[in-house]
2 protein chains.
Amino acid sequence: MVQKRNPPAPRARPEAASLKPAKPQPAKPQPPAGGAPPKRRGRPRAYEPDVALSRALDVFWKDGFAATSLDDLSAATGMNRPSLYGAFGDKRELYKKTYESYRNRARARMGEAFAADMPLRPMLLRIYGIALDMYLSGEGGPRGCFTVMTATSEAVFDPDIRALVVSGLVEMDRFFARLFKIAQERGELSASADPQVLANLASATIHTIAIRARAQMPRAELEALVNGAVDVMARG
Amino acid sequence: MVQKRNPPAPRARPEAASLKPAKPQPAKPQPPAGGAPPKRRGRPRAYEPDVALSRALDVFWKDGFAATSLDDLSAATGMNRPSLYGAFGDKRELYKKTYESYRNRARARMGEAFAADMPLRPMLLRIYGIALDMYLSGEGGPRGCFTVMTATSEAVFDPDIRALVVSGLVEMDRFFARLFKIAQERGELSASADPQVLANLASATIHTIAIRARAQMPRAELEALVNGAVDVMARG
DNA sequence: GCTTATTTATACTGAGCGGTACATAAATCA
DNA sequence: TGATTTATGTACCGCTCAGTATAAATAAGC
């Protein structure tokens with residue numbers, strides 16, 4: 001492959017951005033935040049952007065970028081191709097937005113666990129439980145981790161996507177590092193332990209279960225692997 | 001994607017297998033093993049199957065199955081499409097043979113390291129050095145690990161490929177487990193350490209550097225990660 | 001009711017895809 | 001030398017691909 005054609009960018013759709021941002025309209029004030037949706041001018045869209053992205057994610061996640069066609073995406077979202085294009089741009093743009101929506105979802109799930117504020121060992125087990133739930137779900141069999149999927153496919157060709165993936169990887173590293181640091185400050189971890197090294201191991205464990213899930217290893221095996229890894233990490 | 005068409009199997013090419021295996025030809029004995037190649041009947045092939053597979057591997061490894069076209073493979077191997085098909089079967093068959101050739105190559109490299117028979121820590125560092133050499137090489141940027149690439153793409157759809165990937169993953173696990181077990185018997189590792197758990201962590205470290213390499217993290221960072229991981233693993 | 005703005009729906013385009021039919025080339029066998 | 005076998009090279013097939021032109025539909029503004 002030699003990067004097969006690079007079509008011109010889709011015509012910009014200014015997404016209701018005002019051209020005179022300095023001058024608030026006096027007669028028609030913006031609806032107060034959280035109020036009714038602002039009355040748009042033309043035919044109303046028949047889709048919810050968020051759920052459309054979520055449906056697109058399902059397909060990209062299962063099949064990968066290259067093996068997913070616009071027809072697949074159209075069928076999954078219920079939007080026809082021109083609507084897809086108008087709403088999200090071309091296939092690559094859509095993939096990027098889809099990836100960001102995945103990241104938001106994953107971040108929210110992990111944030112919940114983090115907020116629970118429990119001791120290190122149960123916290124780690126809970127986080128890996130959430131990860132396994134994500135990686136093993138999906139109608140067409142276990143899907144693994146979308147960041148890993150993206151790293152192994154489009155990240156090589158598209159610098160934007162690569163940057164997104166790198167930020168996803170380091171976000172995960174930092175998340176774990178914070179966890180280990182807090183545990184260390186609480187005395188749950190020996191002072192000689194290196195939170196950064198443990199964080200990398202924790203991320204590595206995430207990555208290995210993602211890959212193994214994708215190869216359809218049974219959940220029990222993955223849980224056994226996680227338990228062993230947590231034993232080593234929580235020991236310091 | 002709903003598994004886009006399953007063309008009939010390519011016509012079998014018996015690969016010079018005799019139809020009467022019980023009766024050795026008396027007049028023309030097989031050339032002694034290691035001797036000159038047996039005289040084949042028709043036009044000689046213009047390619048070496050091994051190097052062709054190696055070239056195909058380069059392309060599949062970089063771009064993945066779906067994004068690699070038969071034209072790409074044709075260009076890389078120097079064989080035209082009918083020759084490719086005749087030699088290796090359709091694209092999926094070729095991918096499987098390519099993957100097996102990759103496994104053989106990787107196994108040979110790791111086997112060398114294993115045969116060197118050194119203490120645990122330098123042995124691990126050497127193994128990860130070999131892995132990094134593989135994962136960071138390639139003309140079109142770092143390629144990561146082909147087993148990981150395969151697990152995240154075709155392993156979901158094709159049971160044969162999935163079986164190959166699983167066997168690749170467990171082979172790696174067993175390789176590391178043997179290493180830790182030997183180290184433990186030598187007293188380099190505490191008796192309480194669990195070789196299986198450490199092997200899983202070692203594999204996880206392989207997987208995480210493969211993914212990060214694919215995202216073009218610099219070698220220095222990957223080496224630092226490896227050093228930290230080895231510190232934890234070699235400590236027991 | 002007419003104009004304007006926005007989205008949906010249909011149908012199309014040119015290119016690339018995996019795979020193959022067929023003719024040609026190069027070797028052995030008799 | 002001519003038949004046979006095997007591999008190559010060209011050109012083609014039907015299909016799918018990503019993307020788009022165009023028209024119809026549905027809303028608000030006036």
Side-chain angles (χ1 to χ4, degrees), chain A residues 1-16 25 27-28 36-49 52 56 59-60 63-75 77-95, chain B residues 1-17 19 25 27-28 31 36-49 52 56 59-60 63 65-75 77-95:
Chain A
M1 170 163 127
V2 190
Q3 206 55 332
K4 341 209 132 155
R5 217 174 355 160
N6 212 3
R11 53 189 177 286
R13 284 190 337 108
E15 198 87 353
Q25 312 91 313
K28 295 166 200 166
K39 285 200 172 179
R40 296 174 59 91
R41 193 73 139 64
R43 176 171 174 169
R45 41 168 74 119
Y47 61 90
E48 291 258 36
V59 193
F60 275 136
D63 294 344
F65 178 83
T68 300
S69 70
L70 286 187
D71 278 341
D72 296 332
L73 293 164
S74 192
T77 58
M79 303 164 65
N80 44 38
R81 280 206 300 282
S83 293
L84 264 180
Y85 196 83
F88 305 113
D90 70 3
K91 196 180 165 189
R92 284 196 118 74
E93 274 328 297
L94 172 56
Y95 190 87
Chain B
M1 171 163 125
V2 190
Q3 206 54 334
K4 338 209 132 153
R5 217 179 350 165
N6 213 4
R11 52 189 177 287
R13 285 189 337 107
E15 198 87 355
L19 290 175
Q25 314 92 308
K28 296 167 199 162
K39 284 201 174 178
R40 296 174 59 92
R41 191 74 138 68
R43 175 171 176 170
R45 40 169 74 120
Y47 61 91
E48 291 256 38
V59 193
F60 274 136
D63 295 343
F65 178 83
T68 300
S69 70
L70 286 188
D71 278 343
D72 296 331
L73 293 164
S74 194
T77 57
M79 303 164 64
N80 45 39
R81 280 208 298 281
S83 292
L84 264 180
Y85 195 83
F88 304 113
D90 70 4
K91 196 180 165 189
R92 283 197 118 75
E93 276 323 302
L94 172 56
Y95 190 87

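Fair warning: this is a prediction, and the values are worked out from it, not measured in the lab. Chain naming here is simple, since letters A, B, ... match the order of the sequence lines and numbering starts at 1 in each. Values below: all heavy atoms of this structure, side chains included; hydrogens, waters and symmetry mates excluded.
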Between Phe60(B) and Phe65(B), what is the ring plane arrangement, given parallel below 30°, perpendicular above 60°, and tilted in between?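 Parallel, since the angle between the ring planes stays under 30°.
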
List in chain and number order the residues that pass salt bridge (charged side-chain N to carboxylate O under 4.0 Å, His left out) with Arg41(B), two or more places apart in sequence or in another chain; answer none if no residue qualifies.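 Not a single residue meets the salt bridge (charged side-chain N to carboxylate O under 4.0 Å, His left out) criterion with Arg41(B).
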
Partner set under salt bridge (charged side-chain N to carboxylate O under 4.0 Å, His left out) for Arg43(A), not counting sequence neighbours: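 With sequence neighbours excluded, Arg43(A) shows a salt bridge (charged side-chain N to carboxylate O under 4.0 Å, His left out) to no residue whatsoever.
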
Within the structure, does a side-chain N or O atom of Asn80(B) lie under 4.0 Å from either OP1 or OP2 of dG9(D)?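 Answer yes for this pair, as a side-chain N or O of Asn80(B) is under 4.0 Å from OP1 or OP2.
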
With a 4.0 Å limit, can you tell me whether Tyr85(B) has a side-chain N or O closer than that to the phosphate oxygens OP1/OP2 of dT20(C)?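 Yes, within the criterion.
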
Over how many whole Å does the gap from [X] atom [atom1] to [N] atom [atom2] extend?
{"X": "Arg81(A)", "N": "dT7(C)", "atom1": "CZ", "atom2": "P", "answer": "19 Å"}
{"X": "Leu73(B)", "N": "dC17(C)", "atom1": "CG", "atom2": "C1'", "answer": "12 Å"}
{"X": "Phe88(A)", "N": "dA18(D)", "atom1": "CZ", "atom2": "C1'", "answer": "17 Å"}
{"X": "Arg45(B)", "N": "dT6(D)", "atom1": "CZ", "atom2": "C1'", "answer": "9 Å"}
{"X": "Lys91(B)", "N": "dG18(C)", "atom1": "NZ", "atom2": "C1'", "answer": "8 Å"}
{"X": "Tyr47(B)", "N": "dT6(D)", "atom1": "OH", "atom2": "P", "answer": "13 Å"}
{"X": "Met79(B)", "N": "dG19(C)", "atom1": "CE", "atom2": "C1'", "answer": "15 Å"}
{"X": "Leu84(B)", "N": "dC17(C)", "atom1": "CG", "atom2": "P", "answer": "14 Å"}

Can you check side-chain contact (heavy atoms from CB on, under 4.5 Å) on Leu94(B) and Lys91(B), steps first, answer last? CA-CA 5 Å; Leu94(B) 172 56; Lys91(B) 196 180 165 189; 5.7 Å; no

About how many Å separate OG1 of Thr77(B) and CZ of Phe88(B), when rounded to the nearest 0.5 Å?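 One finds 7.5 Å between CZ of Phe88(B) and OG1 of Thr77(B).
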
Starting from the C-alpha separation in whole Å, work towards a yes-or-no answer on side-chain contact (heavy atoms from CB on, under 4.5 Å) for Asp71(A) and Arg81(A). CA-CA 7 Å; Asp71(A) 278 341; Arg81(A) 280 206 300 282; 2.4 Å; yes

If you assign each of Pro82(A) and Ser83(B) to its closest nucleotide in DNA chain D, which residue comes earlier from the 5' end?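 Of the two residues, Ser83(B) wins.
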
Taking only residues two or more places apart in sequence or in another chain, which ones pass side chain to side chain donor-acceptor pair (under 3.5 Å) with Ser83(B)?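 Ser83(B) satisfies side chain to side chain donor-acceptor pair (under 3.5 Å) with Asn80(B) only.
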
Are there any protein N/O atoms within less than 3.5 Å of an N/O atom in nucleotides 24-26 of chain C, and if so, which ones and at what distance?
| from | atom 1 | to | atom 2 | distance (Å) |
| --- | --- | --- | --- | --- |
| dA25(C) | O4' | Arg43(B) | NH1 | 3.3 |
| dA25(C) | N3 | Arg43(B) | NH1 | 3.4 |

